Amino acid sequence: MTNGIVNGAAELENQFASLGINGTKSAYVPPHLRSSQRAASSPTNLNPIGWNDSRTSTPPARGGYGGRGGYADRGASGHYSPGPRRTDGWSERPQSASVGGHPRGDSAARETFGYGTWRDGAHVVGGRNMRLEKELYGDATDPSKQHSGINFEKYDDIPVEATGAGVPEPLNVFSSPPLDPVLLENIGYSRYTTPTPVQKYSIPIVAAGRDLMACAQTGSGKTGGFLFPILSASFTNGPRQPPVDTQSSYNRTRKAYPTALILAPTRELVNQIHEEARKFAYRSWVRPAVVYGGADINSQLRTIERGCDLLSATPGRLVDLIERGRISLANVRYLVLDEADRMLDMGFEPQIRRIVQEEDMPGVHERQTLMFSATFPRDIQMLAKDFLKDYIFLSVGRVGSTSENITQKIEYVEDHDKRSVLLDILASQNTGLTLIFVETKRMADMLSDFLLSNSFAATSIHGDRTQRERETALQTFRQGRTPIMVATAVAARGLDIPNVMHVVNYDLPSDIDDYVHRIGRTGRAGNTGVSTAFFNRGNKNIVRDLVELLREANQDIPPWLETVAHESTFGGGGYRGRGSRGGGGGGGRGRGASRDYRPSGGFHSGPRAPSFGGGPQIGGGYGGGYSGGSAGGGQSWW
DNA sequence: AAAAAAT
């Protein structure tokens, strides 16, 4: 219900207390008083040789931060917009600290306005910047900033299985160690109180230097699950020395050498990850950056010039920038593949393999690799085999559907009745955001036009809209200015939009995993949500999985739906398999496939991880049985 | 079949 969004300083204090920031001994010391202390007392060289970064050892080397207009020129949509125009174009040089003529162009000012640096083997933490804090974290009343970091009591029920050799103990509170104190503060500002199950495991796993393969859905806190340990280690270890690049001596343009690379399938998703990264990198030396297609490449080039330590990217644009010689992966120490199954579905495998295996990225033993995927079919297993080493497999139970905080309704609606039924639904509710999923881009346009013409403030998001339109749509939806958004699959996964009260599957997907992801846009952060699906004869292919899912989630199942499920199971027309990927063997099934196929440590085969959720597991469910197949003329119930 | 993603 109430998701515990905090208000006021008292509450914030509580949170700090629960974060262990007060420590066991002394009272809370405000960060701006602590930073000098820390810098002074921090051990001079914790790091292996080669981690000291010449770029940051002289203050102006990262030029541009003070010289730009500061943070204000980051658009409200969250991505960087071009800073004030420079007359000298690209040729900003270290000594031109005052380039742009901004009054805050000196290094001291730079470090006190929310940005830290790394100097002489020590982390020099930046001072607080209230304006930036408000932008990053909002305040307790800003609904568009509310986040699922809060109120995770519900999440304690979510089963987690960690398998592999030497699984470290999970971490039950955010604490230092293992987390860097600066990160802990930022977690506090973000009003995260308790690690989610995936974070409880991923933090110690990554902190121990291990690779990770995690089957977890969005809403499980997996973004924090990889950002926290990566940023924490980065804060502590400092930057890496960029390799000597022969080009740079005669090339005026600088090349970016990120130490962490995060790949994700959609532009909005990388943007969202980037925004999270900005929150947690606050006041540290780490400069998060983001690149994706559809946006002006030149402004992206300028922003990565200003710092690109943790890069979130869609594969296509990243390859482009590598080809242009503007990004090198030689310094990558952490690689994250988010929504890996989705990326393969979208045909990114060649580009991903190119990025990971055919460019200058360090090999699997020289980096840490984390893969996140909702499912673990054969092709993801292959990817894991190639990209990971001796990884720990983490399986996190389904969040949205099994935790029962989403009420799922299935309505029988013929196609030609959908519009009017939708109007009825929208008219009968008055608060919260409604997200409507359709199958085609054309339908998304048509439906949002229709809603607008019926005086509903609606917008739409799909791949044929310009990136600017997409971002505007998302923004106005988040803010509640257009509380209805019609979306295609582009918005099905990963997007974290607080306060989505209702998800309408105007068109049902044919893949149950897509359905799970879609309804997972509501009921987040322990809130309750409602989902309504319009079902008709065109959706027979999902009915069996759907009924099974509803049953698992203790939802009411309309009797007619049971009938359809029964008919489609035994009456022929059996829907086989799940689309393109996977192929048989161990992996085929969506939910059943999210398990470690490796044996304990060695390399025999056979599933090992205990299962949860009660669904059929590998080899069960679909495999045998009714292979009768699609022909079998069995007539359906209608 | 559609969607997404580099131009």
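Computed from a predicted model, the values in this text were never measured in an experiment. Within every chain, numbering begins at 1; the chains are lettered A, B, ... in the order of the sequence lines, protein sequences first and strands thereafter. Just so it is clear, the values below take in all heavy atoms, side chains as well, and ignore hydrogens, waters and symmetry mates.
- A cation-pi contact, defined as under 6.0 Å to the ring centre and within 45° of the axis, links A:Arg419 to A:Phe450.
- A salt bridge links A:Asp320 with A:Arg324: the distance from a Lys NZ or Arg NE/NH1/NH2 to an Asp or Glu carboxylate oxygen falls below 4.0 Å.
- The CZ-P distance, from A:Arg442 to B:dA3, rounds to 10 Å in whole Å.
- Nearest to the side chain of A:Ser510, among B:dA5, B:dA1, B:dA3, sits B:dA1.
- Nucleic acid contact class of A:Arg324 (heavy atoms, under 4.0 Å, all strands): none.
- In this structure, A:Ile297 places its CD1 atom 7 Å from P of B:dT7, rounding to the nearest Å.
- Taking atom CD of residue A:Gln467 and atom C1' of nucleotide B:dT7, one finds them 14 Å apart after rounding to whole Å.
- In this model, a donor atom of one side chain and an acceptor atom of the other lie less than 3.5 Å apart for A:Gln467 and A:Glu471.
- Counting only heavy atoms from C-beta on, A:Thr440 has its side chain closest to B:dA3 among B:dA5, B:dA6, B:dA3.
- Each of B:dA6, B:dA1, B:dA5 was ranked by its minimum atom distance to the side chain of A:Tyr292; first place goes to B:dA6.
- Note on ring orientation: taking the six-membered ring where Trp is involved, the planes of A:Phe535 and A:Trp560 are tilted (angle from 30° to 60°).
- Taking atom CG on A:Leu321 and atom P on B:dT7, their separation rounds to 10 Å, with Å as the unit.
- Side-chain atoms of A:Thr266 lie closest to B:dA5 of the nucleotides B:dA5, B:dA1, B:dA6.
- Ion pairing between a basic and an acidic side chain is recognised when a charged N comes within 4.0 Å of a carboxylate O; A:Asp507 and A:Lys418 show such pairing.
- The side chain of A:Arg267 places no N or O atom within less than 4.0 Å of a non-bridging phosphate oxygen (OP1 or OP2) of B:dA4.
- When rounded to the nearest whole Å, the span between CG of A:Asp345 and P of B:dA1 equals 17 Å.
- Taking atom CG on A:Asp514 and atom P on B:dA1, their separation rounds to 17 Å, with Å as the unit.
- Using a 4.0 Å heavy-atom criterion, one finds that A:Gln351 contacts no nucleic acid atom at all.
- Within 4.0 Å of A:Gly294, counting heavy atoms only, lie sugar-phosphate atoms of the nucleic acid but no base atom.
- To the nearest angstrom, P of B:dA6 lies 7 Å from CZ of A:Arg317.
- Summarising the geometry, the separation between CG on A:Asn298 and P on B:dA6 is reported as 16 Å, rounded to the nearest angstrom.
- Taking side-chain N and O atoms only, A:Arg470 has a distance below 4.0 Å to OP1 or OP2 of B:dA5.
- When the nucleotides B:dA6, B:dA5, B:dA3 are ranked by their closest atom to the side chain of A:Thr488, B:dA3 comes out on top.
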